[in-house]
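Shown next, in structure tokens, is the structure this report addresses.
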Amino acid sequence: MLTIAGRDFHSRLLTGTGKFSSSAVMIEALEESGSEIVTVALRRVDLVDPGDDIMAALDRERYLFLPNTSGARNSDEAVRLARLSRAAGGGDWLKLEVTPDPRTLLPDPVETLMATEVLAADGFHVLPYINADPVLALRLQDVGAAAVMPLGAPIGTNLGLVNRYQIEIIIDQARVPVVVDAGLGAPSHAAAAMEMGADAVLVNTAIAMAPDPVVMARSFSLAVKAGRDAFVSGLPETGSPRASSPDAGLGFLDKS
Amino acid sequence: MEIICNGEKKEATVGMSVEEFIISLKLDPETVVVEFNEALVGRDEYPGKMLEPGCRLEIIRFVGGG
């Protein structure tokens, strides 16, 4: 069972709702993912073509909305978006994103720490999106982060666990759940993160942009379960070659 | 009178409330959140909050995102 901010979840796969080709595909993929937590963003309404309302499309009884502060370039903008989110009915959960550089989309650690402190004190359950920095992860827990979300690789790159070693340290030190977010491009990447002991992963692009998002959502769901089971079981040590079959009982091959 | 809504110039009637303006855009007031001159407006305030000439309105809502 995954527990974040005192709430229990069966699924360890969080899914993003961006980039899907249609609401219908998104809904089917989310069902297949088994996810209980889904991320959403806040944007201006397009006055010419308002489109579908995602609040109406998704069953709020079934999915916990985890609004993000994507687009925020500093702490003040993130806090403004957080309060808008709460006023819009988004609740108290927040994936905090502060990304000043649109080229890399890498999070600003200083502004993220400042915003986490302000928002945690304001009653939000803050899940900050961070570069895989073990020291920052601890500092965020000190100021009240409900979980930490280190990036496997920059958003949308599908590169996998580029920051593997740093994420291992974050997991080893964590007092709150670690959700590996961003850059996971294949179910094998998600499984590897779970095998390392991550508490959960968040996937968006790899599912939404797959040729068949519904099948890919199922594949990620299975990979996350497989990786988790492997972690719970414990993996055997790596080392020198050793035969899997018995050494004994081969005497009949020897010449007499 | 002219107001600025989501960065665009829009015509609104004098005496129009935020709620009436949202409905005039064919939007459900329950599904959006509003900033009036960069200050958050609670949903229960929409009917009583009157538009002013040149006011800046942001109408925001949830969309798909990671």
Side-chain angles (χ1 to χ4, degrees), chain A residues 14-23 25-26 30 38-48 50-58 60 65-71 80-90 95 97 105 129 149 155-156 181-184 202-208, chain B:
Chain A
L14 287 65
T15 303
T17 60
K19 301 182 185 170
F20 282 95
S21 58
S22 72
S23 287
V25 171
M26 176 188 74
L30 290 179
V38 298
T39 57
V40 291
L42 275 173
R43 292 292 181 269
R44 274 176 169 166
V45 176
D46 183 342
L47 300 179
V48 180
D52 295 339
D53 175 35
I54 197 163
M55 297 280 266
L58 290 176
R60 296 289 296 277
F65 266 33
L66 180 60
N68 67 35
T69 60
S70 63
R80 182 176 165 195
L81 279 163
R83 293 186 173 144
L84 277 168
S85 166
R86 183 186 262 166
K95 177 186 163 189
E97 283 183 59
L105 293 170
Y129 168 66
M149 305 184 78
I155 296 176
D181 178 15
L184 302 180
L202 193 157
V203 179
N204 188 348
T205 304
I207 293 176
Chain B
M1 65 176 176
E2 201 169 72
I3 68 162
I4 308 290
C5 179
N6 289 6
E8 295 171 28
K9 287 178 183 169
K10 286 274 171 190
E11 269 305 313
T13 319
V14 176
M16 206 178 209
S17 70
V18 166
E19 175 148 290
E20 288 164 340
F21 184 71
I22 294 169
I23 292 168
S24 78
L25 295 171
K26 299 187 168 50
L27 295 169
D28 178 354
E30 292 294 313
T31 67
V32 299
V33 61
V34 173
E35 279 186 340
F36 188 97
N37 292 340
E38 289 181 22
L40 187 61
V41 184
R43 275 198 191 134
D44 49 350
E45 298 172 64
Y46 292 174
K49 186 81 181 172
M50 296 302 151
L51 300 181
E52 296 160 9
C55 68
R56 279 166 294 125
L57 213 59
E58 290 289 347
I59 304 179
I60 294 160
R61 73 174 176 192
F62 287 115
V63 299

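The chains referred to below are lettered A, B, ... by the order of the sequence lines, with proteins before strands, and numbering in each begins at 1.
- If you measure heavy-atom distances from L40(B) to chain A, the contacts under 4.5 Å come from the side chain alone.
- Side chains of V45(A) and L27(B) form a contact here, defined as non-hydrogen atoms less than 4.5 Å apart.
- Between T31(B) and M55(A), the closest side-chain pair of non-hydrogen atoms is not below 4.5 Å.
- Counting heavy atoms from C-beta outward, L84(A) and E58(B) have side chains that stay 4.5 Å or more apart.
- For K26(B), no part lies near chain A; criterion is any non-hydrogen pair under 4.5 Å.
- Closest approach of F62(B) to D53(A), counting heavy atoms only: O-OD1, 4.4 Å.
- For chain A, the nearby part of R43(B) is the side chain; its heavy atoms alone come within less than 4.5 Å.
- Proximity to chain B (any heavy atom under 4.5 Å) is shown, for S85(A), by both the backbone and the side chain.
- Contacts of K95(A) with chain B are made by side-chain atoms alone, with heavy-atom separations under 4.5 Å and no backbone atom involved.
- In terms of heavy atoms, G66(B) sits closest to L202(A) at O-CD2, 4.3 Å.
- For the options I54(A), T205(A), N204(A), L58(A), heavy-atom pairs under 4.5 Å to chain B are most numerous at I54(A).
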